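Report on the structure given below.
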Amino acid sequence: MNVAIVGASGAVGQEFLRVLDEQNFPIDELTLFGSQRSAGRKYTFRGKEYTVKELKHNDDFKGVDVAFVSAGGSTSVEFAETITRHGALMIDNSSAFRMDKDVPLVVPEVNGEDAFNAPRGIIANPNCTTIQMVVALKPINDISKIKRVHVATYQAASGAGATAMAELEEQNAQLVRGEEPTVEKFAYQLAYNLIPHVDVFTDNGYTKEEMKMFNETKKIMHEPDIQVSAMCVRVPVLRAHSEAVWIETEKPVSVEEARKVFEAGEGLVVVDAPSEKKYPMPLFVAGKDPVYVGRIRKDIANENGLSFWIVGDQIKKGAALNAVQIAQYMIAHGWKK
Ligand SMILES: NC(=O)c1ccc[n+]([C@@H]2O[C@H](COP(=O)([O-])OP(=O)(O)OC[C@H]3O[C@@H](n4cnc5c(N)ncnc54)[C@H](OP(=O)(O)O)[C@@H]3O)[C@@H](O)[C@H]2O)c1
């Protein structure tokens with residue numbers, strides 16, 4: 001495969017380099033793209049040095065089979081035609097096309113086959129908090145339809161990009177030195193704090209991030225009636241998002257049944273032994289591929305309810321890994337440019 005990474009210098013772009021290598025993705029040629037800011041920068045992949053090219057409206061994508069794009073929504077919109085016009089498949093990490101009818105929104109463990117219905121040559125990678133949640137919802141939904149989901153997220157600084165992660169590290173260092181922390185990427189100081197505000201607010205009082213979880217879950221799971229109410233919170237964690245989830249199913253699901261289907265669920269690992277202090281935590285999940293689930297229990301406030309805790313590395317499964325898995329799924333099912 002001839003592969004391009006657009007946004008190579010970013011948090012997700014850098015993860016693409018690691019994931020493509022870890023996954024032994026078949027690569028003949030690799031081309032890295034960025035803005036003027038990172039053009040000329042060099043990165044090493046499988047022992048070879050690559051120089052970032054400036055993304056421009058030209059024919060640079062001519063021989064490309066798959067373009068992994070993570071350079072923000074406005075860049076995706078501006079360059080989609082340039083990227084796809086010679087037949088390259090664009091797997092896009094931004095939110096620009098996710099809800100478009102002619103763009104599939106894919107999590108391979110849930111709806112991999114949707115990837116083959118991409119008339120514009122664009123496949124959207126879902127929002128990171130939604131990806132890890134639907135991986136956990138799918139096996140439960142297969143045994144009893146989920147009617148309602150309440151979810152509170154605990155989102156890492158790196159979810160807002162490489163510079164946001166650097167800002168949290170810098171704030172911690174500044175506070176230790178007794179200095180006033182620099183606040184640029186978030187609305188407030190994140191170190192020693194929580195911010196109940198991820199992305200911008202919409203008219204109904206929810207944020208865009210929260211509405212992504214509402215809308216994208218329906219599309220990925222092909223469940224237009226599933227209701228998702230989310231409260232998204234930024235926390236001073238560097239990497240890996242956590243989510244407290246409460247679901248209501250049509251028929252009651254016991255803890256034992258839930259544990260059994262979670263254990264068999266694709267892309268899931270159960271860590272759930274509270275008496276031994278075993279539950280998933282971002283510190284230990286950062287850098288790992290699967291979505292981890294624990295604290296599985298009946299919801300004592302709802303007889304058809306279950307509650308659990310999930311943690312996933314949002315730069316991996318929530319972004320780069322999921323995108324690479326989409327390409328792997330398609331190749332395994334016969335896709336060729
Ligand atoms: N971080 C996450 O956990 C996460 C998870 C899921 C999805 N995403 C999505 O992935 C995308 C990238 O996120 P990130 O966290 O990696 O952000 P980031 O660390 O801020 O990186 C942004 C990247 O986009 C590039 N870029 C910006 N404008 C460009 C342009 N006009 N032309 C070419 N390249 C351009 C930047 O290149 P320069 O260095 O040249 O500016 C940089 O490589 C966003 O759409 C984000 O919503 C992020």
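Just follow the structure's listing: the first ligand is 1, and inside any ligand the first atom is 1. Just so it is clear, the model here is predicted, and its values are computed rather than measured.
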> Do you know the tightest heavy-atom contact between I5 and F16?
Replying inline: CD1-CB, 3.7 Å
>> Can a donor-acceptor pair be found, under 3.5 Å and without considering hydrogens, that links the side chain of K185 to the backbone of A166?
In response: no
>> Going by the rule side-chain hydrogen bond (donor to acceptor under 3.5 Å, both in side chains), which residues pair with K298 if we only count those two or more places apart in sequence or in a different chain?
In response: none
> Looking only at heavy atoms, what is the nearest atom pair of I146 and I226, with distance?
Replying inline: O-CG1, 3.5 Å
>> Quick one about N111 and D114 (side-chain donor to acceptor, distance below 3.5 Å, no hydrogens or angles considered), yes or no?
In response: yes
Quick one: table the atom pairs, ligand 1 N or O against protein N or O, below 3.5 Å, distance rounded to 0.1 Å.
{"unit_1": "ligand 1", "atom_1": "1 (N)", "unit_2": "S158", "atom_2": "O", "d": "2.9"}
{"unit_1": "ligand 1", "atom_1": "3 (O)", "unit_2": "Q314", "atom_2": "NE2", "d": "3.2"}
{"unit_1": "ligand 1", "atom_1": "16 (O)", "unit_2": "A11", "atom_2": "N", "d": "3.1"}
{"unit_1": "ligand 1", "atom_1": "16 (O)", "unit_2": "V12", "atom_2": "N", "d": "2.9"}
{"unit_1": "ligand 1", "atom_1": "19 (O)", "unit_2": "A11", "atom_2": "N", "d": "2.9"}
{"unit_1": "ligand 1", "atom_1": "19 (O)", "unit_2": "A162", "atom_2": "N", "d": "2.9"}
{"unit_1": "ligand 1", "atom_1": "34 (N)", "unit_2": "S35", "atom_2": "N", "d": "3.3"}
{"unit_1": "ligand 1", "atom_1": "37 (O)", "unit_2": "S9", "atom_2": "OG", "d": "3.4"}
{"unit_1": "ligand 1", "atom_1": "39 (O)", "unit_2": "S9", "atom_2": "OG", "d": "2.5"}
{"unit_1": "ligand 1", "atom_1": "40 (O)", "unit_2": "S35", "atom_2": "N", "d": "3.0"}
{"unit_1": "ligand 1", "atom_1": "40 (O)", "unit_2": "S35", "atom_2": "OG", "d": "2.6"}
{"unit_1": "ligand 1", "atom_1": "40 (O)", "unit_2": "S38", "atom_2": "N", "d": "3.1"}
{"unit_1": "ligand 1", "atom_1": "40 (O)", "unit_2": "S38", "atom_2": "OG", "d": "2.6"}
{"unit_1": "ligand 1", "atom_1": "41 (O)", "unit_2": "S35", "atom_2": "OG", "d": "3.2"}
{"unit_1": "ligand 1", "atom_1": "41 (O)", "unit_2": "R37", "atom_2": "NE", "d": "2.7"}
{"unit_1": "ligand 1", "atom_1": "41 (O)", "unit_2": "R37", "atom_2": "NH2", "d": "3.0"}
{"unit_1": "ligand 1", "atom_1": "43 (O)", "unit_2": "G7", "atom_2": "O", "d": "3.1"}
{"unit_1": "ligand 1", "atom_1": "43 (O)", "unit_2": "S9", "atom_2": "N", "d": "3.4"}
{"unit_1": "ligand 1", "atom_1": "43 (O)", "unit_2": "S9", "atom_2": "OG", "d": "2.7"}
{"unit_1": "ligand 1", "atom_1": "43 (O)", "unit_2": "G10", "atom_2": "N", "d": "3.0"}
{"unit_1": "ligand 1", "atom_1": "45 (O)", "unit_2": "G72", "atom_2": "N", "d": "3.4"}

> Think K48 forms a cation-pi with F45, using NZ or CZ under 6.0 Å from the six-ring centre and within 45 degrees of its axis?
Replying inline: no
